[in-house]
Amino acid sequence: MTPELPQLSKDGLRRFAELRSDAISTVTAQFYEDHASVYAQFGERGKQACREDLGFHLEFLRPVLEFGLVAPMVEYLRWLAGVLSTRDIPGEHLSLSLDWLGEFFQARMEPSDAAVVAAAIAAIQGDLRDRFPPEPASYAKMPFAWPECPAFEEALLAGNRRSASDLIDAGLERGEGLVAAELHIIQPALYSIGQKWQRNEVSVAQEHLATAIAQSVMVQKLPGCVQSPPNGKKVLLACVEGNHHDVGLQMVSDGFQLGGWEVGYLGADVPTSSLVQYAGDWKPDLIGLSVSFAQQLQAAKTVISRLDQSFGQSRPAIMIGGLAVNNFDWLAGRIGADAWRQDAEAAVTFADQLPASPGTN
């Protein structure tokens, strides 16, 4: 749905970024002055944790100000409320932090931009009240899980690589393709593990191990799969700068490779300048960008703008995907992309219908 919130001007966004550090320091000090009985017990470590939380507030707030994207911030705040409750921090302090941040920026920005900040904070507070306190639900569109998925998740959490591999084989032996097995076994399992990490039911180490095993199984299975004949087209795939979550992009890469495309897979956290330069040298027919979190949308927008400048009329089509955009199809046009697709199968189907890029050889 297209957002109705006003958006911050370029100068306003620049000013917002300039004020970030001062905002964090000011609101942290305010908590320790006005609620010393709650926070004094945490000492300097508590101040650092408070600063980190406020920093995340601002990372999620920027997409609200720039794109009108409220839902990711609300989901983050609902999750944070649960975390703070385990530290015996009053739930109303979460809302108070938003009020104080809003007051800080409104006092230091131009009136028109201050009004945008005020509207954003009001929308967040209203949505948070409407949806609190139920447990936060993922705003990602979850692919349906095959029967092997629960056992696969259990194998990942146990660090059992062999069992995980055997469960993917079970899906392949039924005649299902690798990409389908990735979408309906691996992806739901990793989503579930991520949600358990948010609820403090699994450790960071377990989550990292699960991801590593899943990726290694994908790499192991790919060479044994039947590939379509080369179609003469090239696709460049990359996670935008700041996005370190590349499992989904690897699935997309597998889909294109098995579909006969030549794949340039750049992986996670690709610097914007390097991505644009490589695209100019390699001249793909399609560029796929992965965006996991709302705060990475600005990086995607910058990449697309730089590609427009570099290629001009010969720019290849740009497709975006990832957790940050899967429930917000209007975002593709907002940041300058040509399309969005929510999974590897849909991405390849879309791409196969594209003509060769005018910039390719």
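Residue indices begin at 1 and follow the sequence shown.
Taken to the nearest 0.5 Å, the CH2 atom of W340 stands 15.0 Å off from the CG atom of L289. A distance of 4.5 Å separates CZ in F293 from NE2 in H245, rounded to the nearest 0.5 Å. For the atom pair CD1 (I185) and CD (E176), the distance works out to 8.5 Å, reported to the nearest 0.5 Å. Interatomic distance, S25 OG to K47 NZ, rounded to the nearest 0.5 Å: 10.5 Å. Atom CG of N160 and atom CD1 of I213 lie 7.5 Å apart (nearest 0.5 Å). Rounded to the nearest 0.5 angstrom, C225 SG and L172 CG are separated by 6.0 Å.
Using a distance-only test at 3.5 Å, with no hydrogens or angles considered, a donor-acceptor pair links the side chain of S97 to the main chain of L94. No side-chain donor-acceptor contact under 3.5 Å links Q187 to the backbone of G248. In this structure, the side chain of K234 does not engage the main chain of G264 through any donor-acceptor pair within 3.5 Å. The backbone N or O of L236 sits nowhere less than 3.5 Å from a side-chain atom of Y265 that would complete a donor-acceptor pair. One N or O on the side chain of Q106 and one on the backbone of G102 form a donor-acceptor pair closer than 3.5 Å. The backbone N or O of D22 sits less than 3.5 Å from a side-chain atom of T26, completing a donor-acceptor pair. Between the T28 side chain and the I24 main chain, a donor and an acceptor come within less than 3.5 Å of each other. Judged by distance alone, the side chain of Q296 and the main-chain N or O of S292 form a donor-acceptor pair under 3.5 Å. In this structure, S314 contributes its side chain and F311 its backbone to a donor-acceptor pair below 3.5 Å. With D269 contributing its side chain and E241 its backbone, the two residues share no donor-acceptor pair below 3.5 Å.
Within the 4.5 Å cutoff, no side-chain heavy atoms of I287 are placed close to those of V235. Side-chain contact between I124 and L61 is present, with heavy atoms from C-beta onward closer than 4.5 Å. When side chains are defined from C-beta on, L286 counts as touching F256, because their heavy atoms get closer than 4.5 Å. Residues L331 and V291 form no side-chain contact, since every pair of their non-hydrogen atoms from C-beta on lies 4.5 Å or further apart. Under the 4.5 Å side-chain criterion, counting only non-hydrogen atoms from C-beta, Q48 is not in contact with R45. Within the 4.5 Å cutoff, no side-chain heavy atoms of R341 are placed close to those of V348. L77 places a side-chain heavy atom less than 4.5 Å from the side chain of H57. Annotation: side chain of F56 is not in contact with side chain of M73 (no heavy-atom distance under 4.5 Å).
Linking ILVMFWY side-chain heavy atoms closer than 4.5 Å, directly or via other members, places F144 and I168 in a single hydrophobic cluster. Put simply, V219 and L167 are part of two different groups of oily side chains (I, L, V, M, F, W, Y) that touch within less than 4.5 Å, one to the next. When the side chains of ILVMFWY residues are joined at heavy-atom separations under 4.5 Å, either directly or via intervening members, V204 and L209 end up in a single hydrophobic cluster.
W100 approaches D34 most closely through the heavy-atom pair CZ2-OD2, 3.7 Å. Here the closest non-hydrogen pair linking L156 and A214 is CD2-N, 4.0 Å. Across every non-hydrogen atom of A119 and L5, the tightest pair is O-CD2, 3.9 Å. Contact detail for D254 and V179: the closest heavy-atom pair is C-CG2, 4.1 Å. Looking at every heavy atom in both residues, D53 comes nearest to Y76 through O-OH, 3.3 Å. The two residues P284 and P316 come nearest to each other via the heavy atoms O-CB, 3.3 Å.
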Practice task
Let me see the working for V117 and M109 under side-chain contact (heavy atoms from CB on, under 4.5 Å), right down to the final yes or no.
Solution key: CA-CA 9 Å; V117 175; M109 300 179 78; 3.9 Å; yes
Handout entry: side-chain contact (heavy atoms from CB on, under 4.5 Å) between E207 and L157, intermediate numbers included
Key = CA-CA 7 Å; E207 191 271 338; L157 290 174; over 6 Å; no
Exercise for the section: Test E153 against K196 for salt bridge (Lys or Arg N to Asp or Glu O under 4.0 Å), laying out the working first. Expected result: CA-CA 11 Å; E153 178 183 340; K196 288 179 179 178; 2.7 Å; yes
Exercise for the section: Applying side-chain hydrogen bond (donor to acceptor under 3.5 Å, both in side chains), run through S165 and K221 and close with a yes or a no. Expected result: CA-CA 8 Å; S165 177; K221 303 304 178 185; 2.6 Å; yes
Practice task
Start with the C-alpha gap between F31 and L96, add the side-chain angles, then the distance that decides, and say whether side-chain contact (heavy atoms from CB on, under 4.5 Å) holds.
Solution key: CA-CA 9 Å; F31 270 115; L96 189 58; 4.0 Å; yes
Practice task
Start with the C-alpha distance between Q298 and T302, add both sets of side-chain angles, then the distance that settles side-chain hydrogen bond (donor to acceptor under 3.5 Å, both in side chains), and finish with yes or no.
Solution key: CA-CA 6 Å; Q298 178 57 39; T302 300; 3.2 Å; yes
Practice task
Take D352 and W261 through the test side-chain hydrogen bond (donor to acceptor under 3.5 Å, both in side chains) and record every step on the way to the result.
Solution key: CA-CA 9 Å; D352 283 341; W261 287 68; 2.9 Å; yes
Exercise for the section: Dump the intermediate steps for salt bridge (Lys or Arg N to Asp or Glu O under 4.0 Å) on D338 and R315, then the final yes or no. Expected result: CA-CA 11 Å; D338 300 293; R315 175 177 70 72; 3.0 Å; yes
Exercise for the section: Check step by step if side-chain contact (heavy atoms from CB on, under 4.5 Å) holds for L354 and D285. Expected result: CA-CA 8 Å; L354 291 174; D285 298 276; over 6 Å; no
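Summarising the local packing, CD of E110 is surrounded by 12 or fewer heavy atoms from other residues, nucleotides or ligands at distances under 6.0 Å. Crowding of Q277 atom CD: a count of heavy atoms from other residues, nucleotides or ligands under 6.0 Å not exceeding 12. Atom CD of Q227 is surrounded by more than 12 heavy atoms from other residues, nucleotides or ligands within 6.0 Å.
Geometric assessment of R108 against the ring of F104 yields a positive cation-pi assignment under the 6.0 Å and 45° thresholds.
Side-chain contact annotation: S216 with R161, donor-acceptor N/O pair under 3.5 Å present. Judged by distance alone, the side chains of S290 and D246 never bring a donor and an acceptor atom under 3.5 Å apart. Checked by atom type, the side-chain pair E262/N231 shows no donor-acceptor distance below 3.5 Å. No side-chain N or O of S9 forms a donor-acceptor pair with one of R14 less than 3.5 Å apart.
Remark: E66 engages K301 in a salt bridge, criterion side-chain N to carboxylate O under 4.0 Å. Taking a cutoff of 4.0 Å between a charged side-chain nitrogen and a carboxylate oxygen, R78 and D127 do not qualify as a salt bridge.
Screening I335, V276, V240 for a side chain to side chain contact (heavy atoms under 4.5 Å, CB included) with I304, the sole residue that qualifies is I335. Looking at Q215, E345, M218 one by one, the single match for side chain to side chain contact (heavy atoms under 4.5 Å, CB included) with M251 turns out to be M218.
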